[in-house]
2 protein chains.
Amino acid sequence: MFKITRKLEYALIALRYIQGQSEDKVVSAKEISGVYRIPLQLLAKILQELSKHDILEATQGAHGGYKLKKSLDQMNLTALIKILEGPIGIMDCSIDTKCVQLDICNIRKPINRVNDAIISMFDNLTLSEITGI
Amino acid sequence: MFKITRKLEYALIALRYIQGQSEDKVVSAKEISGVYRIPLQLLAKILQELSKHDILEATQGAHGGYKLKKSLDQMNLTALIKILEGPIGIMDCSIDTKCVQLDICNIRKPINRVNDAIISMFDNLTLSEITGI
DNA sequence: ACATATACGACTTTTTTAGTCGTATATAAT
DNA sequence: ATTATATACGACTAAAAAAGTCGTATATGT
Ligand code: SF4
Ligand code: SF4
């Protein structure tokens, strides 16, 4: 309950690692997978998603890999979560509206306030603040 | 990802409902289950847990049910979550320490700060603020 | 005695998350 | 050209967590 997914953690670890390398070095999924013991195939898919969303730039073929495409202080945690996991929301009704309790729910408004507070916190958190400097 | 569990929502709905009834009325699980269309057995188990932790006071037998045992402004969301779901923590290492990445993790500290911010937010949120006045 | 309610553990189902596999394609080096 | 290495991508399986059910015992008001 209320946990960050592994997927997201792997993405952050990778982003921070890539950020720590020299500006124009392309870093392969294999390298990161080795250093942090992240399952290669899984990490690869994550990096591919980040690449598809213009956070990373991929180079194919031998000696290929990834490098940052946009500065990490230009993106917040909300954006990253949306890419990897879709819309954020601590309760169902904040995302879709199939909840049976919806019309009579007596906690919807207050829970929504909590939801907003968390999202706003994520909005104001740049990735560079998470990945250090 | 990052969602409140149904269990927690049902607990909050029930607490708010009981709070809305006249002070010394005992409210049965069946009544709440009926009003909010919450599966009876599931709700019953939740209320039993709350009762075991002195948040509700149970009356057994016919015409039995529950009433509040402590005022809701004397308990915060963190406490309720701990009762229903155990220790809070947005990443594994904030709870137990079996993560393979633990010793080399490059995002642990910053993620921990996020974790602390969320917990502190929950700490400062009394149940009465969620269940309304 | 009976109806109604809590108490509680075991169990099953459903949903979500995590991880794997297979195959295609791009590219550098030999 | 061939080989080795890497990304790209969809389908699949496995594992874990959450949601819900069942059965049975016990308490109590009528
Ligand atoms: S309507 Fe109420 S019970 Fe349903 S998802 Fe929203 S907050 Fe939760
Ligand atoms: S050590 Fe790092 S990867 Fe492991 S649970 Fe903690 S934050 Fe996540």
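Note that these values count all heavy atoms, side chains included, but never hydrogens, waters or copies made by symmetry. Naming: A, B, ... by sequence-line order, numbering from 1 per chain.
Atom NZ in B:K3 sits about 12 Å away from atom C1' in D:dA19, given to the nearest Å. C:dT6 atom P lies 8 Å from atom CG of B:L40, rounded to whole Å. Distance, B:Q60 CD to C:dT4 C1': 12 Å, rounded to whole Å. The separation between A:I38 atom CD1 and C:dG19 atom C1' is 13 Å, rounded to whole Å. In this structure, CD of A:Q41 is placed 16 Å from P of D:dA14, rounded to the nearest angstrom. Rounded to whole Å, atom C1' of D:dA27 lies 12 Å from atom OH of B:Y66. For A:L8 and C:dT16, the CG to P distance is 18 Å, given to the nearest whole Å. The interatomic distance linking B:L43 (CG) with D:dG20 (C1') rounds to 12 Å, in whole Å.
By the 30° and 60° cut-offs, the orientation of the rings of A:F2 relative to B:F2 is tilted.
Of all nucleotides listed (C:dG19, D:dT28, D:dA19), D:dA19 comes nearest to the side chain of B:K7. Closest to the side chain of A:K52, from the set D:dA18, D:dC9, D:dG29, is D:dC9. Considering only the side chain of A:A58, D:dT7 comes nearest among D:dT7, C:dA28, C:dA7. Checking D:dA18, D:dA19, C:dT17 against every side-chain atom of A:M1, the shortest atom distance belongs to D:dA18. Side chain of A:R6, nearest nucleotide from C:dT27, D:dG29, C:dG19: C:dG19. Closest approach to the A:S28 side chain among C:dT6, D:dC9, D:dT7 is made by D:dT7 (side chain taken as heavy atoms from C-beta onward).
Nucleic acid contact class of B:A29 (heavy atoms, under 4.0 Å, all strands): sugar-phosphate only. Across all strands, B:G61 comes closer than 4.0 Å to base atoms (heavy-atom distances). Nucleic acid contact for B:K45: base, since at least one base atom lies under 4.0 Å from a heavy atom of the residue.
One finds no salt bridge joining A:D92 and A:K98 here, because no Lys/Arg side-chain nitrogen approaches an Asp/Glu carboxylate oxygen to under 4.0 Å. With salt bridges taken as basic N to acidic carboxylate O contacts below 4.0 Å, none links A:E49 and A:K52. Note on B:K67 versus B:D24: no salt bridge recorded, every NZ/NE/NH1/NH2 to OD/OE distance being 4.0 Å or above.
Side-chain N or O atoms of A:S33 include none that pairs as donor or acceptor with a backbone N or O of A:A29 at under 3.5 Å.
A residue-by-residue look at B:A62 and A:G65 shows that A:G65 has its nearest nucleotide of DNA chain D further toward the 5' end. The residue among A:T59 and A:L42 whose nearest nucleotide of DNA chain C is located toward the 5' end is A:L42.
A donor-acceptor contact under 3.5 Å is formed by the side chain of B:Q48 with the base of C:dA7.
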